[in-house]
Amino acid sequence: DDGEGVNEDERALLFEAFAERRSRTGLGMGLWLARRLAELHHGTLTLEPRTPGTRQRLTLPVQR
């Protein structure tokens, strides 16, 4: 995205269930659930800093 981005100290916390950023509202389940689904499919979901914003990278294995 091209929003305000996520501070490095908040990045790891966003993958915890019910986590909230100081400036946001919501249940805090979105990234936790997305990462868990990726892991169930032997993949990964990470956040990477970008100017501006944050990049979400989903990596899934190719099955042949």
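In what follows, every heavy atom counts, from backbone to side chain, and hydrogens, waters and symmetry copies are set aside. When a residue number appears, it is its place in the shown sequence, counting from 1.
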Worksheet, complete the sentence: Heavy atoms of H41 and L37 approach each other most closely as CD2-O, 3.0 Å

Worksheet item: Stepwise, does the side-chain contact (heavy atoms from CB on, under 4.5 Å) test hold for L31 with L47?
Response: CA-CA 10 Å; L31 285 174; L47 296 180; 4.1 Å; yes

Worksheet item: In Å, rounded to the nearest 0.5 Å, how long is the span from CD of E48 to CZ of R57?
Response: 4.0 Å

Practice prompt. Can you see which heavy atom on L60 is nearest to which on G43, and at what distance?
Written response: CD2-CA, 4.1 Å

Discussion item. Is it the case that the side chain of R35 and the backbone of L45 share a donor-acceptor pair, with hydrogens and angles ignored and the cut-off at 3.5 Å?
Written reply: yes

